[in-house]
2 protein chains.
Amino acid sequence: MKRRSTPTKEAVIAVLNASTRAMSQEAIEQKIEIEIDRATVYRALNQFCTDGIIHKIVADDGKQYFAVCKKCDVEALPDNHFHFRCTKCHTIECLSSLINFSLPKAYAVEKFNCVLVGTCGNCA
Amino acid sequence: MKRRSTPTKEAVIAVLNASTRAMSQEAIEQKIEIEIDRATVYRALNQFCTDGIIHKIVADDGKQYFAVCKKCDVEALPDNHFHFRCTKCHTIECLSSLINFSLPKAYAVEKFNCVLVGTCGNCA
DNA sequence: TTATTATTGCGATTATGTTGCAATAATACA
DNA sequence: TGTATTATTGCAACATAATCGCAATAATAA
Ligand SMILES: [Mn+2]
Ligand SMILES: [Mn+2]
Ligand SMILES: [Zn+2]
Ligand SMILES: [Zn+2]
């Protein structure tokens, strides 16, 4: 499907680009000046995911978080890094440390969803 | 709170003990002979988690999975291992490989929620 | 300027999990 | 054994996160 540039999509990606953290739909909506419907934000986010512009993390709080994560595009597999969720300031960030793992024979990994949970440096 | 032994709780833990995989509430309910309400199953599962008998994984499909995971009780931190979710047979299993990670200064990890997603040996 | 169709807002819907409450039943103990 | 205590249960209602259908709107190409 062909893509169109719209104020909504520009606003969403602008917020993510300006953030050092992964953000939930709710957090994104709060940062955006204009009013955008929840469903529309999700549609934009899912589209960006499909297009490989951002990636999605599902955290242990059951929510989806989205991040641009500029560092990880050199990796063979997408999202091959840990994330850290701070239970105090309720943020998620992409860590630079790559994921080391070993698998039983014949297992094949396609993607990662790895979150470390605790207290971040700011909140320590 | 004092615990009581009931047919429901026995059934739930029996299913998990008999399984090599982590299971969702839905999967557990299907394995149990008797009819048990959804809320009751969740209450049993949450109680077992509180008591440290089982542990919970939130996968990238947004669902909670529960497993006994006998291997991990020697670890300092709970749940310090990867999980593997097979997108073909819709199961999650605890892997034996421990999680190696490095953190920025002053960060403190309290728990893990790490899932590798792909195709398992059976489905390869 | 016009036609095409991607995008949007809105409401409804799905999916997963939790909670309040009265009825039930497991346990302790007289 | 019989009784009191209260953990547990089933049911319905609720909560939250995310998706979907559809008609209206607007970005793009011709
Ligand atoms: Mn990331
Ligand atoms: Mn496990
Ligand atoms: Zn923090
Ligand atoms: Zn499989």
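Letters go in sequence order (proteins before strands), and every chain restarts at 1. Here the structure is a predicted model, which means the values were calculated and not measured.
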S.K.: Hey, does B/Ser24 reach any base, or is it just sugar-phosphate, or nothing, if we go heavy atoms under 4.0 Å?
M.R.: nothing
S.K.: Parallel, tilted or perpendicular for B/His83 and B/His55, by the 30°/60° rule?
M.R.: tilted
S.K.: Whole angstrom is fine here: how far is it from CZ in B/Arg4 over to C1' in C/dT27?
M.R.: 6 Å
S.K.: So, does A/Thr50 use its side chain to make a donor-acceptor pair with the main chain of A/Asn46 at under 3.5 Å?
M.R.: yes
S.K.: Under 4.0 Å between any heavy atoms, over every strand shown, what does A/Gln64 touch: base, sugar-phosphate, or nothing? Just pick one.
M.R.: sugar-phosphate
S.K.: Looking at C/dT7, does its base get a donor-acceptor pair with the side chain of A/Arg43 below 3.5 Å?
M.R.: no
S.K.: Please determine whether a side-chain nitrogen or oxygen atom of B/Gln47 lies at a distance below 4.0 Å from atom OP1 or OP2 of D/dT8.
M.R.: yes
S.K.: Using a 4.0 Å heavy-atom cut-off, does B/Gln25 contact any base of the nucleic acid, only the sugar-phosphate backbone, or nothing at all?
M.R.: nothing
S.K.: A/Ala39 has a side chain; which of C/dT8, C/dA26, D/dC20 sits nearest to it?
M.R.: D/dC20
S.K.: How many Å lie between CD1 on A/Ile57 and P on D/dA18, as a whole number?
M.R.: 12 Å
S.K.: Grab the CE-P distance between B/Met1 and D/dT8 for me, whole Å please.
M.R.: 6 Å
S.K.: Whole angstrom is fine here: how far is it from CG in A/Asp37 over to P in D/dA24?
M.R.: 17 Å
S.K.: Assign B/Ser5 to base, sugar-phosphate, or nothing according to its heavy-atom contacts below 4.0 angstrom with the strands shown.
M.R.: sugar-phosphate
S.K.: Would you kindly give the CG-to-P distance between A/Leu45 and C/dT8, to the nearest whole Å?
M.R.: 11 Å
S.K.: Rounded to the nearest Å, what distance is computed from the CG atom of residue B/Asn46 to the C1' atom of nucleotide C/dT19?
M.R.: 12 Å
S.K.: Of the nucleotides C/dG9, C/dT4, C/dT8, which one has an atom closest to the side chain of A/Ile36?
M.R.: C/dG9
S.K.: Between B/Arg3 and B/Gly62, which residue's closest nucleotide on DNA chain C lies nearer the 5′ terminus?
M.R.: B/Gly62
S.K.: What pair of heavy atoms forms the shortest contact from A/Thr91 to A/Arg21, and how long is it?
M.R.: OG1-NH1, 2.6 Å
S.K.: Taking atom types as they are modelled, is there a donor-acceptor pair under 3.5 Å from the base of C/dG9 to the side chain of A/Arg38?
M.R.: no
S.K.: What I want to find out is whether B/Lys56 reaches A/Asp60 closely enough, with some N-O distance under 4.0 Å, to be called a salt bridge.
M.R.: no
S.K.: Please check the phosphate of D/dT6 (OP1 and OP2 only) for any side-chain N or O of B/Lys2 closer than 4.0 Å.
M.R.: no
S.K.: Is it the case that the side chain of B/Asp51 and the backbone of B/Ile53 share a donor-acceptor pair, with hydrogens and angles ignored and the cut-off at 3.5 Å?
M.R.: no
S.K.: Whole angstroms only, please: what is the CE-C1' distance between B/Met23 and C/dG17?
M.R.: 18 Å
S.K.: Which whole-number value in Å describes the distance from A/Tyr42 OH to D/dA17 C1'?
M.R.: 5 Å
S.K.: Pick the nucleotide of DNA chain D nearest each of A/Lys63 and B/Thr6; which residue has the one closer to the 5' end?
M.R.: B/Thr6
